[in-house]
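Here's the structure we're looking at; comments come further down.
Order of the sequence lines fixes the chain letters, A, B, ..., with proteins taken first and strands second; residue numbering starts at 1 for each chain. Heavy atoms only: backbone and side chains are in, while hydrogens, waters and symmetry mates are out.
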Amino acid sequence: MKYDYAAIEKKWQAVWEREKPFRAETGSDKPKFYGLIEFPYPSAAGLHVGHPRPFTAMDVVTRKKRMEGYNVLFPIGFDAFGLPTENFAIKNHVHPAKVTKDNIANFTRQLKMLGFGFDWDRVVDTTDPEYYKWTQWIFLQLWKKGLAYKATVPVNWCTSCKCVLANEEVVEGVCERCGSPVIRKEKSQWMLKITEYAQRLIDDLNDVDFIDRVKTQQINWIGRSTGAEVTFKATTGDEIVVFTTRPDTLFGATYMVLSPEHALIKKWAPLLQNLDEVTAYQRLAASKSDMERTELSKEKTGVKLAGVAAINPVNGREIPIFISDYVLATYGTGAIMAVPAHDDRDWEFAKKFGCEIIEVVSGGEDVQKAAFTAKDETGILVNSDFLNGLTVKDAIPAMTKWLEEKGIGKAKVNFKLRDWVFSRQRYWGEPIPMVWCDHCGWVPLPESELPLRLPDVESYEPTDDGESPLSKMTDWVNTTCPHCGGPAKRETDTMPQWAGSSWYFLRYMDPHNPDALASKEALDYWSPVDWYNGGMEHTTLHLLYSRFWHKFLYDIGVVPTKEPYAKRTSHGMILGQNPRCFDCMTKEQQTALVDEFGSEDAARAHLVEQYGEMASHPIVKMSKSLGNVVNPDDIVRDYGADTLRLYIMFIGDFEKAAAWSDNAVKGCKRFLDRVWTLAENRIDGDETYSHANEAAVHRAIKKVGEDIEAMKFNTAIAAMMTLMNTFGEHAPSRGDVKALLLLLSPFAPHMVEELWERQGFAGYASTSPWPQYDESKMVEAEKEIAIQINGKVRATAVVPLEADDDAVLSVVLSQEKVARALEGMELVRTIVKPKMVSLVVKPAANNK
RNA sequence: GCGGGUAUGGCGGAAUUGGCAGACGCGCAGGAUUUAGGUUCCUGUGGCUAUACCGUGUGGGUUCAAGUCCCACUACCCGCACCA
């Protein structure tokens with residue numbers, strides 16, 4: 001019978017639906033394993049082929065763990081709040097809740113179609129009030145501990161979404177989502193003090209098993225730098241505090257720069273002789289988008305404050321003060337001391353504005369020609385009074401100590417990480433459970449009133465003044481103060497998309513608990529997540545945010561571990577076939593082109609002429625405009641879910657990007673067809689391995705098992721293909737086939753289950769024990785070794801496995817080819833290794 | 001500019017501690033089956049001026065032996081980007 005994947009997959013999915021073999025049991029005596037994938041955002045477009053890569057990978061891992069006797073938690077849910085749904089709702093005049101419901105239904109259908117072994121009784125949906133009740137609860141706890149606060153800050157404002165963005169959501173000066181320019185705007189926003197956890201977010205990376213590129217990217221993003229804060233006095237008597245990583249260069253500070261937003265400028269306004277110029281510059285800086293600021297970064301701009309100056313505290317010299325947008329308001333103190341001799345940016349600015357450049361570290365080139373920025377022992381302090389003669393390395397602590405003694409400075413650590421802007425002026429998000437009372441200020445909603453439900457509104461359009469659509473719902477907005485009972489107004493901003501995903505893995509542990517985000521019992525049993533796989537794009541967003549929330553929950557005694565995830569891995573993207581590249585085309589497309597142009601060469605020439613370099617560039621992203629988007633529904637229809645699963649695991653190195661290939665899918669289908677043909681009819685006999693295949697079976701068990709653990713799925717599958725090829729040479733026994741089916745089960749669960757049943761094996765393959773290998777049975781009685789003569793392989797020989805070095809050598813030397821090569825030569829040295837023998841020879845002395 | 005990564009046949013990609021480079025798959029070529037196409041099966045497949053020689057981005061080095069280790073480069077990809 002032909003391999004009827006459609007019927008088989010339907011059959012077994014129905015069995016799983018009914019019998020729930022993948023259900024996790026809280027409190028079981030078995031060892032637990034919690035495998036996690038990033039829950040999808042249920043878009044209207046449905047699942048794309050990018051999703052099955054991480055999903056199948058973790059499905060394979062958890063299916064194997066289950067077979068190894070673990071109590072596995074492998075859950076799924078939906079991160080369903082967010083702008084695309086809201087925009088879709090606005091465009092089509094449907095309620096976002098309805099859109100979400102439909103999209104989740106479609107995603108659920110597709111996920112079940114692919115046969116993932118999720119525990120479907122634990123599905124979470126971030127838009128469910130029973131879920132976001134706890135998102136709001138966590139927010140209230142943050143507020144109580146002073147980690148949530150409202151502040152007027154310059155924020156990233158997307159001109160198209162009409163919404164505030166977190167720093168992490170701004171990519172190259174444009175909105176990560178819609179690509180529109182982002183400008184800076186002053187707005188009152190809810191903020192979360194992630195900066196309070198900056199040091200711990202770095203330190204605790206030591207305790208987790210994250211791939212290195214995730215660790216380094218997080219460390220760089222948090223951006224710790226050590227230095228000192230130094231207080232300068234202005235001629236007005238005001239104090240200007242700066243942060244510097246180079247306190248040793250203080251004698252070389254010849255001017256100061258304030259960011260255009262600096263508070264002192266307003267205070268000094270009456271004193272400024274060039275106030276018009278200054279305010280014009282401030283206005284220009286504010287109106288620039290981040291992109292423009294970046295583009296203009298090559299050329300420094302600024303304005304000198306006329307009428308005010310500063311005093312360098314180490315030598316009493318009066319130095320000018322500028323404002324410039326190369327100094328950021330949001331980092332350090334928003335003000336710097338400029339040392340043009342030893343900082344590239346200051347040097348560039350000084351050259352343009354004619355500031356003095358004084359060398360205080362010798363060892364570089366002429367500082368009038370370029371800044372000397374080396375921080376190591378190569379620089380020696382000069383022109384610096386008590387620091388003269390010290391290396392930079394020694395001068396930094398010496399100066400810091402001196403500043404502290406004089407009371408004009410202190411050691412300081414700064415982070416690039418900023419507090420998390422937590423407000424969004426949109427409808428489709430969690431309402432922030434806070435109330436503004438003119439008497440009491442911001443008052444939290446009592447926990448008994450959670451969840452604070454999102455009310456229905458007429459229109460989801462954001463308002464032009466940048467307020468949330470909720471602000472128009474006066475019935476909802478006007479309320480009473482929980483504290484004094486007087487009239488009060490609700491917060492109308494909602495939480496960002498990242499809120500619900502910051503703790504969802506905890507809810508999976510106990511998804512229906514009405515009294516807590518999860519029970520202590522469930523949290524103690526399942527924590528931490530043993531293995532979390534996800535995309536690199538979330539490294540400085542979701543992954544960092546959820547680590548922050550988890551640490552906070554740990555601090556208030558809610559969760560039992562400091563870190564949420566014990567292990568983090570990451571997959572590469574699935575790219576598309578290049579429709580303009582001849583080699584990427586299917587045979588049908590190639591044939592059509594060859595027919596049209598007469599020959600393959602003519603067809604290729606045409607493509608090159610038409611598309612230039614693109615015709616030979618095989619890797620491109622999937623996009624609608626290129627028409628190379630692959631829909632999982634189509635692949636499942638044409639090849640079956642098992643083939644899609646197998647192919648997406650076989651496509652290449654899991655961590656690297658890989659291009660989809662229609663042709664290569666067929667190879668995986670062919671492999672499954674061959675397995676089907678081999679095992680569709682019952683093989684008689686006992687369940688031991690055949691003599692001829694035994695070693696190959698043991699080797700495959702070892703290889704497949706180890707490769708799954710190492711996420712080397714492509715070579716695991718290659719090992720099964722190799723085993724299949726071995727079976728082609730020596731007909732497999734019933735036991736041989738059983739082993740292959742067990743190994744293949746995590747990858748192609750439907751087909752294996754069907755064959756398992758046809759063979760009449762007990763139970764289900766997916767709940768049978770993972771096969772064991774015996775190292776001693778993996779080797780043949782004889783082995784082939786390579787023979788090198790003067791470093792080049794000249795022959796091979798077969799020797800008994802247990803032969804000692806002398807025995808091996810005698811076999812080698814008896815080889816005809818070796819004997820010929822040694823004629824008239826003197827054997828200088830022999831090296832015998834398990835897999836090869838190396839002979840070093842030189843012409844014999846008497847032969848010369 | 002800073003940080004991270006990659007480079008191996010026509011293509012995707014394999015290669016413990018240095019130990020027969022190219023596993024496995026695609027594609028391609030030939031053959032069998034078929035009225036034909038497709039499917040399936042078998043054989044071959046790094047290059048070449050072929051018993052030899054050359055081959056893992058480039059140039060050096062260490063070693064009996066280098067894709068793997070060391071030094072110096074080049075190209076491409078990803079992240080951050082005036083962070084004082």
Name the orientation class of the two ring planes belonging to A:His571 and A:Phe654 (parallel below 30°, tilted from 30 to 60°, perpendicular beyond 60°).
->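 Judged by the thresholds at 30° and 60°, the geometry between A:His571 and A:Phe654 is tilted.
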In terms of ring plane angle, is the pair A:Tyr5 and A:Tyr3 parallel, tilted or perpendicular, where the classes change at 30° and 60°?
-> perpendicular
Does [X] have any salt bridge (charged side-chain N to carboxylate O under 4.0 Å, His left out) partners at least two apart in sequence or in another chain, and if so, which?
{"X": "A:Asp343", "result": "A:Arg345"}
{"X": "A:Lys215", "result": "none"}
{"X": "A:Glu356", "result": "A:Arg317"}
{"X": "A:Arg224", "result": "none"}

Sort me out a list of protein N/O and nucleotides 61-64 of chain B N/O pairs below 3.5 Å, or just none if empty.
residue	atom	partner	partner atom	Å
B:C64	OP1	A:Arg829	NH1	3.2
B:C64	O2	A:Ser838	OG	2.6

Mind listing the N/O atom pairs, protein and nucleotides 2-5 of chain B, below 3.5 Å?
residue	atom	partner	partner atom	Å
B:G3	O2'	A:Asn220	ND2	2.9

Only counting residues at least two apart or in another chain, list the ones meeting side chain to side chain contact (heavy atoms under 4.5 Å, CB included) with A:Ala695.
-> A:Arg699, A:Glu780
When rounded to the nearest 0.5 angstrom, what distance separates CD in A:Gln218 from CG in A:Leu544?
->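 If I round to the nearest 0.5 Å, the distance is 5.0 Å.
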In whole angstrom, give the distance that lies between atom [atom1] of [X] and atom [atom2] of [N].
{"X": "A:Leu250", "N": "B:A84", "atom1": "CG", "atom2": "P", "result": "17 Å"}
{"X": "A:Glu706", "N": "B:U16", "atom1": "CD", "atom2": "C1'", "result": "10 Å"}
{"X": "A:Glu775", "N": "B:U16", "atom1": "CD", "atom2": "P", "result": "15 Å"}

ring-ring contact (aromatic ring centres under 6.0 Å, His included) involving A:Phe210 - partner list, sequence neighbours excluded | none
Determine the contact category for A:Asp653: base if any of its heavy atoms lies under 4.0 Å from a base atom, sugar-phosphate if only primed atoms, P, OP1 or OP2 are that close, otherwise nothing.
-> sugar-phosphate
Tell me, yes or no, whether the heavy-atom count around A:Lys351 atom NZ, taken from other residues, nucleotides or ligands under 6.0 Å, exceeds 12.
->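 Buried by this count: over 12 neighbours within 6.0 Å.
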So the stems of RNA chain B, runs of at least three Watson-Crick or G-U pairs (under 3.5 Å), are B:1-7 with B:74-80, B:10-12 with B:24-26, B:27-32 with B:40-45, B:57-61 with B:69-73
I'd like a table of atom pairs between the protein and nucleotides 48-57 of chain B - only N or O on both sides, under 3.5 Å - with the distance next to each one.
residue	atom	partner	partner atom	Å
B:C53	OP2	A:Arg794	NH1	3.4

Only pairs at least two apart or in different chains count here, so list each side chain to side chain donor-acceptor pair (under 3.5 Å) that has a residue in residues 644-653 of chain A.
-> A:Asp59-A:Arg645
Listed once per pair and sorted, the salt bridge (charged side-chain N to carboxylate O under 4.0 Å, His left out) pairs that draw on residues 247-259 of chain A, sequence neighbours left out = A:Arg246-A:Asp248
